[in-house]
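Residues: numbered from 1 along the sequence shown.
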Amino acid sequence: ERSEGGRATFVVLEAEGGGMALTEELADGTVVWKENPMDLEIRTSMAKVIRSADCEKAGVTFGDMKAFQVSQDGRNWPKASRSRRKRYVQLAFCKAVDEPRVGSGFYKKSAFTQSWARCPRTR
C-alpha cells in the first residue's frame with residue numbers, strides 16, 4: 001500500500017480466536033496499533049507479503065505486542081524515514097516470533113546471486 005511517504009510497511013497479527021491487529025509506524029513518527037481495523041482486507045489485498053510465521057510456539061500475546069508498540073511510540077522525532085518505518089516493522093516481527101534478529105525480508109536477490117548460489121564449488 002502507498003502512504004504519503006511512499007510504500008507503507010505494516011505487521012498483521014492474528015490471535016487464536018480470530019481477532020486481528022495491525023501495527024505500523026506512520027510518516028509522522030507515530031506508532032499505531034489497530035485491532036480489527038475496518039480497512040484490513042483492502043490494505044492486505046494491495047500489499048506484498050514479505051514474510052509470515054506461525055507465532056504460536058513463541059508464546060507472544062497481543063498484550064506483549066501492544067506493550068512493544070507503546071514502548072516504540074513517542075520517540076520524539078518529528079518524521080519517520082521509510083527506512084525507520086521498515087525497521088519498526090522488522091523489530092515488531094522479531095518480537096512476534098520471539099527471535100532477537102530475523103533477516104530483513106526486504107532485500108532482493110539478483111539473478112546473478114541466485115545462479116551463483118547453485119554453482120558447485122571448485123578448488
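The list of ring pair (Phe, Tyr, Trp, His ring centres under 6.0 Å) pairs with a residue in residues 11-37, not counting sequence neighbours, reads W33-F62.
The closest side-chain heavy-atom distance from V11 to E24 is not below 4.5 Å. With contacts defined as side-chain heavy-atom distances shorter than 4.5 Å, the pair Q72/E25 does not qualify. By the 4.5 Å heavy-atom criterion applied to side chains, F93 and V97 are counted as neighbours. Considering only heavy atoms from C-beta on, R43 comes within 4.5 Å of L22 through its side chain. F10 has its side chain out of reach of T23: every pair of non-hydrogen atoms, C-beta onward, lies at least 4.5 Å apart.
Distance check, rounded to the nearest 0.5 Å: OG1 of T9 to CZ of R84 gives 11.5 Å. Taking CD of E99 as the start and SG of C55 as the end, the distance is 10.0 Å to the nearest 0.5 Å. For the atom pair CG of L91 and NZ of K86, the computed distance is 13.5 Å after rounding to the nearest 0.5 Å. D39 CG to M46 CE: the interatomic distance, rounded to the nearest 0.5 Å, is 8.0 Å.
Partners of N36 under the side chain to side chain contact (heavy atoms under 4.5 Å, CB included) rule, at least two apart in sequence or in another chain, are M20. Partners of D98 according to the side chain to side chain donor-acceptor pair (under 3.5 Å) rule, which considers only residues two or more places apart in sequence or in another chain, do not exist here. Among residues two or more places apart in sequence or in another chain, the side chain to side chain donor-acceptor pair (under 3.5 Å) test is passed with K34 by none. The side chain to side chain donor-acceptor pair (under 3.5 Å) search around S52 returns none, not counting sequence neighbours.
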Determine, stepwise, if the pair Q90 / R51 fulfils side-chain contact (heavy atoms from CB on, under 4.5 Å).
-> CA-CA 10 Å; Q90 291 167 359; R51 62 181 150 207; 3.8 Å; yes
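The hydrophobic cluster containing V32, built from Ile/Leu/Val/Met/Phe/Trp/Tyr side-chain heavy atoms closer than 4.5 Å, also comprises L26.
Here the side chain of R85 pairs a donor or acceptor atom with the backbone of A80 at under 3.5 angstrom.
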